[in-house]
Amino acid sequence: MTLFELERNADFDSLVTYLERSSNPDIRRRAADVLGGLHSEAADEPRDRKKVVDALVEVAKDDENDEVRAAAIDALDQYGQDALEQFIGELSGTDIDDVATWKKAQILAKGLDADVPELRMAAATGLGRIGENNVVSTLVDAIDDPDPRVRKRVARALGRIESPEGVPALTDKLHEDKYDVRIEVAYALADIGTNNALGELTSIADDEDEVLRRIAVDALGRLGSTEAVEILAGALSDDSDAVRRTAMFSLVQLLSEAPANASHQVREKIVDELAEANEREAVEPLIEILDRSTETAQRRNAAWLLGRIARDEYRSNAQDALIETLADDDEMTSKFAATSLALLDGGDLEDRLLDILDDDMRDDEMRVKALFVLGKIGGDRARDRISSFVDRTENDRLRKRGFSALSKLGGVGAPSGDLA
């Protein structure tokens, strides 16, 4: 089975086996990433959680590959402070389980001077989790650590603590460090969110350096503000394809990051800005997200947006992507695809949906969603075909959805209900 399938099935035993025994460091690193992402599922079963944390601790200590050890530490971070402290304790020989928080922060701060870089990485991560303002100056000093893996996690910790005190040191690193460190620094500035932190990000959004522009538009996706929407929409016309695509990914991310009290305003602002943008620059990246992204939130938002911004030239391309998404494993993504298709009537969409309905080899969920859309856009021909389909199908759910579609089209109906 692939790691994707193991992730989908939350197969902890197999994932741990890949983590510990694969000869390929890329697979071991990916297994660590997947295990970190499954922390909430592992919490439901203490045995699984202990097995995973123990394995990650050993890999973080002993794996021969730097990036695998770093990924294991990041995965431990997702399992919580106690998992990090287990690793720190085993590596340093210091038991900090029952120590008061202020004392724990002191111990971790000393860990930033350890000879072992993995211990410095874990110490920085742990300090960010504790969130004590009195360790910010210590973290600021550590931003010049000789190991870039440590600098990344120091920047991440400063972003978690959200102290304005860290902004000047982060700003310096934004311009002069390795690319992946600069990315983490930009995220930290976005998380801190003070005027000078945001000013720094917006000031480099149109910098002559393409790398800086890309970093800026990547980080701005975390802000959840209408101000960020305008900057990102402007970046859709950047000379660099990489910057344009990153800007679209960030706009999609904004839909998830916007605070509840501003989500409607941000959503409407994004739709308005994208409607004014060049259609190719707005629609093609969204289609690419649906085709390639494995991030559920990204795909949901891309499906939702397509129905609201695709116009004549790219309507057919958007329809293609949304039709394929009707059978998505994530129910909400498939629902968004269906509601967006209902907004993109035109061309031969009705015929294509009717063909799906009549194809017994198609996924039942896809046919249910096709019936929903047909109930919104269909005409007399759709009513006749759906009526015939309802008469012959033995699938209760498809029959119910068929009656619902017929009721919307003015035919014989049954209680319509929601998209189900």
**Request:** Tell me, yes or no, whether the heavy-atom count around Asn195 atom CG, taken from other residues, nucleotides or ligands under 6.0 Å, exceeds 12.
**Result:** no

**Request:** Using distance alone, with no hydrogens and no angle criterion, decide if Thr296 and Arg299 have a side-chain donor and acceptor under 3.5 Å apart.
**Result:** no

**Fill in**
Taken to the nearest 0.5 Å, the spacing of Leu56 CG from Ile73 CD1 works out to 10.5 Å

**Message:** We want to know whether Ser256 and Asn301 form a side-chain donor-acceptor pair, criterion being a heavy-atom distance below 3.5 angstrom.
**Reply:** yes

**Prompt:** Can you tell if the side chain of Arg214 reaches within under 4.5 Å of the side chain of Ile183, non-hydrogen atoms only?
**Reply:** no

**Message:** Distance alone, cut at 3.5 Å: any donor-acceptor contact between the side chains of Thr339 and Lys335?
**Reply:** no

**Request:** Could you pull out all residues at least two apart from Tyr187 that satisfy side chain to side chain donor-acceptor pair (under 3.5 Å)?
**Result:** Asp218

**Item:** Min side-chain heavy-atom separation Lys104-Glu85 under 4.5 Å
**Value:** yes

**Asked** Under 3.5 Å, is there a donor-acceptor pair between the side chain of Ser250 and the main chain of Val217?
**Response** yes

**Leu170 side chain reached by Ile192 side chain, heavy atoms, under 4.5 Å** = yes

**Prompt:** Under the 3.5 angstrom rule, does the side chain of Gln298 hit a backbone N or O of Glu295 as a donor-acceptor pair?
**Reply:** no

**Message:** Please check: side-chain N/O of Thr325 versus main-chain N/O of Asp328, any donor-acceptor pairing under 3.5 Å?
**Reply:** no

**Message:** Checking Gln86 against Asp54: is there a side-chain donor and acceptor pair closer than 3.5 Å?
**Reply:** yes

**Asked** Taking only residues two or more places apart in sequence or in another chain, which ones pass side-chain contact (heavy atoms from CB on, under 4.5 Å) with Glu165?
**Response** Val136, Ser137, Ser163

**Asked** Does the pair Asp144/Lys173 count as a salt bridge with the N-to-O cut at 4.0 Å?
**Response** yes

**Asked** Quick one: does Arg149's side chain have a donor or acceptor within less than 3.5 Å of a partner on Asp66's backbone?
**Response** yes

**Asked** Is there a donor in the side chain of Asn24 and an acceptor in the side chain of Ser22, or the other way round, less than 3.5 Å apart?
**Response** no

**Request:** Kindly indicate whether the side chain of Ile161, heavy atoms from C-beta on, has any atom under 4.5 Å from the side chain of Val135.
**Result:** yes

**Flag, side chain of Ser340 to backbone of Ala337, donor-acceptor distance under 3.5 Å** = no

**Prompt:** Is there a donor-acceptor pair closer than 3.5 Å between any side-chain N or O of Ser14 and the backbone N or O of Asp11?
**Reply:** no

**Message:** Going by side-chain contact (heavy atoms from CB on, under 4.5 Å), name the residues that satisfy it together with Glu210, two or more places apart in sequence or in a different chain.
**Reply:** Arg213, Ser240, Ala242, Val243

**Request:** Could you tell me whether the side chain of Arg362 and the main chain of Ile356 form a donor-acceptor pair under 3.5 Å?
**Result:** no

**Message:** Tell me whether Thr17 contacts the main-chain N or O of Asp13 through its side chain, where contact means a donor paired with an acceptor under 3.5 Å.
**Reply:** yes

